[in-house]
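Letters A, B, ... mirror the listed sequences (proteins, then strands); counts begin at 1.
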Amino acid sequence: MPTLKVNGRRVTVDSDATLLDAARAAGVEVPTLCQFDGLEPWGGCRLCVVDMSQANWDDDWFKVVTACNHPVEDGMTVVTDSERIIETRRVVLDLLLARCPEAPLVQQWALEYGIEQTSYTPNPEPDDCILCGLCTRVCDHIGVSAISSVNRGWGREIAPPFNEPPPDCIGCLACAEICPTDCIPFETSNLRRKIWGREFEMLRDPKTGEAVITKEQAEHFAERSGVPMTYFETSDRSKRREMAKTFEKLQVVK
Amino acid sequence: MAETPCSDLSKAEEILGRYPQEEPALIQVLQDVHRAYNYLPCDVLERVAEALEVPLAKVFSVSTFYKAFSLEPQGDTIIKVCTGTACHIRGAGQLVEELERQLGVGPDETTEDFKFTVKTVNCVGACAMAPLVIVGEKYFGSAKPARVSKYLAEGGADEN
Amino acid sequence: MRIESKDQFEVLKAQSLEIEAERKQRVLVCCGTGCLASGSKKVAEAFADEIAKRSIDATVDLFVKSTGCHGFCERGPLVVLNPQGILYTKVKPGRVEEIVEKTLVGGEVIPGLLYKDPVSGDRVEQYEEVPFYKHQVRVAMRNIGRIDPTDILDAISHGAYSGVAKALFDMTPDEVIGEVATSGQRGRGGAGFNTARKWQSCKDAPGERCYVLCNGDEGDPGAFKDRSIMEGDPHSVLEGMIIGAFAVQANEGWIYVRDEYPLAVVNLTIAIREARKYGLLGENIMGSGFDFDIKISRGGGAFVCGESSALMRSLEGKTGEPRAKYVHSTDKGLFDLPTVLNNVETWAGIGAIIERGGAWFASMGTERSKGTKAFSLVGKVKNTGLIELPMGTTLRHIIYDIGGGILKDRPFKAVQTGGPSGGCVPEELLDLPVDYEELTEAGSMMGSGGMIVMDDRTCMVDVSRFFLAFLEEESCGKCTPCREGLKQMLHVYGRIIAGKGQAGDLELIEKLAAGMQLGSLCELGKSAPNPVLSTLRYFRSEYEAHISDHACPAGVCRELTAFEIVEDGCDGCHLCYKACPVDAITGVVKELHVIDHEACISCGACLDVCPTDTIRTFPKHELEKAEVV
């Protein structure tokens, strides 16, 4: 189990931990935008940069790396608040503020780093997408891949194929829910769900009539897990009621 | 699909037959498709996604990432102006402007009669002959704006 | 036809040499992309016509060979006559008959077709004596211009695959790596990583198999050495890869060729097919028991795919997004397996290193940069083209002795090396020896070997903006500092070039540059500020002139520059009138010509053609003052 120092504090972590895990274990906060527990780290936003020195390097020789995906090594020294790190994060936030001046999350982080207004030219057609990739990554993770990043460079954007309602979308809303700036619009009701221009019919719990899930999502999950579709069509409330019935049969041992 | 194409998919099938049906073949397949159809029609891309077992969204992502691909039909002849460093300092910009004056279209645009598409290319590696214009398959080195109409008309070898 | 032993290879080689020896008269016509653009194909055809007309035996009495790029692209189409050793330059199809009649039949040289030294005015007859070639030491490009790249026997007679025979039969994989280590060869793609160390890391990495790749995505604008090697001697690349694959025990390899090099793809395809036919590639190479085959993969038009991890993603059929650099591709590269990726020129040198020994290679060059390096010398220099020289040669020697000095003898301003990741080297540093570390310390980079010479009619602010615009188009867009930073840098530059620069703009650029260098994910973003920082370091006054004086000292930035024909110097030659694309010049032949400032778009075409240097530039805002008065 490797041991390393983060801002002077010693921590021991699992061998497959990242520098971000180590920082958290040491009680040190490192800002992130494109990181999400449960998804493979991506290293795109560059907000989580830290200064890192390996055990066999000179004491004053550091390298700037992203904490979210850099593996730990025994004897590493990590500094999360050196001058150049703070300055680099400022540049990142200043740039994001120029792209998404109205996104509350970006405004908040920028303020924390002392930036009220961007030093750069604001986006003439601003939206709140910070291109963190979380939406496409979670969609890939679920095994659907209905949307993707399109174009390259500054024109890069998240879109469905041909900018048409994506045929592969299952209406699970994971993309909208994971989006840190809430910039993926959707509508959902007991009758139907709308997202990315697709409309989905909601399946209802046979006992309670509650809208539970879209048909496509239930099918997809059933196929992937091998669990029958009826499980996914059942609302949580119904599931709890079923489980409660089994408690009747339990014998309490004194 | 919003636009129409009802492409002749037989060409696509023939192309798919040349490669293993898996993701690593995607870019090579798209190259051949682009050459065969003069662009990437969306119904062909759907077929490619199906055949290579790659999600359509990823095929679309790759199609829009690489400059070699156009998702819109292109002109019969592609005119490429090299805008690499050597060509830039030897006046590539003037060539692009002259083409716009004569054809009425700028980079990545196609003339209304679909005869020409103008593109800028980031260095074709003939830097010693800067600036360079390529009309179809023909390379014109040490190109001059005054000769642009000649390049367009002939498409033949330039006598410097 | 398949070679099944080392002896059989030696026999084939001897046969190929005999065939070559029987060709009494050889005519080599350069058909590299540069000369093709000058019409060399018609020259080769004209020779074929002469042969037909005179009923000459084309295999023996007059053998015409289409070769790859000789490198002297400025003087193309190039024709070399052997055994005479004569070089004819700027050969037009119409003169071929004369060449055959006068030189080949009559034994007379045609002075008008010989290279003329721009300084002394002398005509040079011998190819080997032309300064452009005399100073060169060709290792990676050893056979380019000598062989027909589509004829494998021609390549073999010139030494191709002899290194493979030696490695596979006389050496162990470790000995091969040892020889490359002795040579001290460093990657020729730009990063300059030690080749032997890279191979050793791959060999040591765990994995069920490994791969060798060739990076043929030469994206640096201004560099075309890899194109010439792939087109002109594809066998040198195949040979290097076979030897490298043997060293790391890989059985599969790919050559990734950028989309913009169609001829390279064609010639590589032919070479692979021929090599397979002769058992030099594929299963049981030369009967040695070693299997290795190569496939070609075409790029899709993305400079970022020259970055090793992006290239591998592209090979996997994905978008060219680089991945974090702490994962070494020698551990987890293509398909997450150990992979060796080397540049075209690196591979091309391996065959020679194995055949002649690592010590021979290390005897050339400097302490830290061994061997020779290919450079593409382009821009405002008289002799533009492709050269290969020992490391340690000075920039001055390259630009003046080989390059012949600045075009039109205008003043030298800077030489840009290393492509968009490099920087500008000014006059005071011209005696810098070309060496990886020396160039980096000067604020530039070796890069791919592109050297773009700039004269006083080059604006360094414009040059930086050019590189930023190039990179902005090529950025993959994954990480914030590069994607947003390039765009914002361009906004600031746009302001400055339009004469709307503000106080604090230079500091803003410097701050953003630091953020991009430290924060970007890959070298594209990290090194994007290099041209900016190096021009600020050596040419800061030019930036200040743009911002404070609203003037472009070089007279390039259109919104800041006006043009005027000076009355005293104009002789009415009418050339400017013809050159002007918007008819802004009025004048009759033999009389003073005048530029209409309203119509003038400040493109500079008139100044470029004026033979008496009579057109001057001045800050555009002076026009407004003049009007007020």
With chain C, which of [options] has the greatest number of heavy-atom pairs at distances under 4.5 Å?
{"options": "A:C45, A:G153, A:G155", "value": "A:G153"}
{"options": "A:P71, A:G43, A:C34", "value": "A:P71"}
{"options": "A:R89, A:E87, A:H70", "value": "A:H70"}
{"options": "A:N151, A:L96, A:N123, A:N69", "value": "A:N69"}
{"options": "A:V92, A:L33, A:V91, A:L95", "value": "A:L95"}

Contact part of [X] toward chain C, heavy-atom cut-off under 4.5 Å: side chain, backbone, both or neither?
{"X": "A:D94", "result": "side chain"}
{"X": "A:S149", "result": "side chain"}
{"X": "A:I130", "result": "backbone"}
{"X": "A:R152", "result": "both"}

Query raised in the report: So which part of C:S520 gets closer than 4.5 Å to some heavy atom of chain A, the side chain, the backbone, both or neither?
Result: backbone
Query raised in the report: Taking C-beta and beyond as the side chain, do C:L337 and C:K332 meet within less than 4.5 Å on heavy atoms?
Result: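 Side-chain contact under 4.5 Å: no.
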Report task. May I ask you to test the C:L315-C:F335 pair for a side-chain heavy-atom distance under 4.5 Å? Result ->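 They are not in side-chain contact.
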Identify which of [options] forms the greatest number of heavy-atom pairs closer than 4.5 Å to chain A.
{"options": "C:H491, C:R483, C:K511", "result": "C:R483"}
{"options": "C:M516, C:E474, C:R495, C:R323", "result": "C:E474"}
{"options": "C:C482, C:A514, C:A302", "result": "C:A302"}

Query raised in the report: Closest heavy-atom contact between C:G300 and C:Y256?
Result: N-OH, 4.1 Å
Report summary line: In terms of heavy-atom contacts, A:C135 and A:I184 come closest through CB-CD1, 3.8 Å
Query raised in the report: Once the angle between the rings of C:F466 and C:F470 is folded into 0 to 90°, is it parallel (under 30°), tilted (30 to 60°) or perpendicular (over 60°)?
Result: parallel
Hey, is the main chain of [Y] close enough, under 3.5 Å, to the side chain of [X] for a donor-acceptor pair?
{"X": "C:T339", "Y": "C:L334", "result": "yes"}
{"X": "A:H220", "Y": "A:I142", "result": "yes"}
{"X": "C:S548", "Y": "C:E544", "result": "yes"}

Query raised in the report: Side-chain donor-acceptor pair under 3.5 Å between A:T77 and A:S53, yes or no?
Result: no
